Structure formats: C-alpha cells, structure tokens
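First comes the structure, then the notes that go with it.
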Amino acid sequence: QVQLVESGGGLVQPGGSLRLSCAASGSGFSISTMGWYRQAPGKQRDLVAAIVIGGSAGGSAVYSDSVKGRFSISRDNAKNMVYLQMNSLKPEDTAVYYCYLDVMGRSGRSWGQGTQVTASS
C-alpha cells in the first residue's frame with residue numbers, strides 16, 4: 001500500500017517562495033508519475049504540475065499555464081520524493097496542495113493528506 005506525506009506548506013507574503021515536499025512509502029510497486037494538485041475553497045481540484053518518474057520518459061514534467069515560469073517540480077528517485085518549488089507566489093495560489101502518485105500497471109491514484117499554502121499580506 002502506498003502512503004504519501006506532504007510537508008512545506010505555510011503562510012507567505014505575495015512574491016515569496018515556498019517548497020513543498022512529498023514522500024512516498026510502501027513496497028512492491030514502481031512509480032509511474034507523481035505530481036501536485038490544488039484546491040481552493042469552493043473550487044475544483046486542479047492539476048498544478050506532474051513529473052514522470054519511471055520509464056523512458058522519466059523526468060518529463062508538465063505544468064498548468066497559471067504556474068509556468070514560477071513553479072518547478074523535481075524528483076529524487078532514490079528517496080521516492082517529489083518537490084514543488086513555488087516562487088513569485090500570488091494570492092490566487094492560495095489553496096490546499098495535494099500530492100499524488102500513480103503506480104505502474106495499476107489503476108487508481110494515491111493521494112496525500114494535503115498541505116495548506118496561503119499567499120497573503
């Protein structure tokens with residue numbers, strides 16, 4: 001069974017930076033993709049960024065248009081971790097950020113518990 005634990009959220013002033021971390025634990029699986037979604041109050045959960053972990057496309061990343069050029073996703077395969085570096089944060093980035101993981105050859109997605117990010121003065 002896969003477990004995900006996020007950390008790094010908090011309160012930051014607009015224009016500031018935060019780095020989110022997500023650690024995956026468990027055994028008997030190979031990771032396909034990891035990434036981050038976010039959900040603001042009253043809104044749907046939207047993809048922020050994702051990165052391919054395994055296979056020939058390992059390291060390939062995608063970003064939502066709203067965060068391109070400001071956020072960067074990276075991975076540490078040896079530690080089963082993924083990071084989201086968030087720079088130039090805006091008030092509209094305020095949301096609960098959820099880490100997710102897809103396992104190779106399996107349906108269904110694993111989710112973390114979420115971490116709050118607030119960009120406010």
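Keep in mind that this is a model prediction, so the values were computed, not measured. Atom set for the values below is all heavy atoms of this structure, side chains included, hydrogens, waters and symmetry mates excluded.
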Contact between [X] and [Y] at the side-chain level, heavy atoms closer than 4.5 Å - yes or no?
X    : Y    : value
V117 : L18  : yes
L11  : S120 : yes
P14  : S121 : yes
Y63  : V48  : no
M86  : V67  : no
W36  : F71  : no
L4   : M34  : yes
I73  : V82  : yes

Decide if atom CD of E92 counts as having more than 12 heavy atoms of other residues, nucleotides or ligands within a radius under 6.0 Å.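 It does: E92 CD has more than 12 such atoms within range.
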Check [X] against [Y] and note the closest heavy-atom contact, atom names and distance.
X    : Y    : answer
R70  : L89  : NH1-CA, 3.9 Å
A95  : Q116 : O-NE2, 3.4 Å
S110 : V2   : OG-CB, 3.5 Å

What's the separation between atom [atom1] in [X] and atom [atom2] in [Y], rounded to the nearest 0.5 Å?
X   : Y   : atom1 : atom2 : result
I51 : I53 : CD1   : CD1   : 5.5 Å
I31 : M81 : CD1   : CE    : 11.0 Å
S66 : K90 : OG    : NZ    : 8.0 Å

Which pairs of donor and acceptor atoms, one on a side chain in residues 97-104, lie under 3.5 Å apart (sequence neighbours left out)?
unit_1: Y97; atom_1: OH; unit_2: R38; atom_2: NH1; d: 2.8
unit_1: Y97; atom_1: OH; unit_2: D93; atom_2: O; d: 2.6
unit_1: D102; atom_1: OD1; unit_2: R109; atom_2: NE; d: 2.8
unit_1: D102; atom_1: OD2; unit_2: R109; atom_2: NH2; d: 2.9

Verify side chain to side chain contact (heavy atoms under 4.5 Å, CB included) between V96 and T115, making sure each step is shown before the conclusion. CA-CA 5 Å; V96 177; T115 185; 6.0 Å; no
Checking K68 now: which residues fulfil salt bridge (charged side-chain N to carboxylate O under 4.0 Å, His left out) with it, not counting sequence neighbours?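 K68: salt bridge (charged side-chain N to carboxylate O under 4.0 Å, His left out) contacts with D65.
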CA sep, side-chain torsions, deciding dist, call: V52, S60, side chain to side chain contact (heavy atoms under 4.5 Å, CB included): CA-CA 5 Å; V52 178; S60 299; 4.2 Å; yes
Sequence neighbours excluded - side chain to side chain donor-acceptor pair (under 3.5 Å) pairs with any residue from residues 5-28: E6-Q113, S17-N87
Would you say T94's side chain and A119's backbone share a donor-acceptor pair under 3.5 angstrom?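 Pair found, side chain donor or acceptor close to backbone of A119.
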With hydrophobic residues grouped by side-chain heavy-atom distances under 4.5 Å, do L20 and Y37 end up in a single group?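 No, separate clusters.
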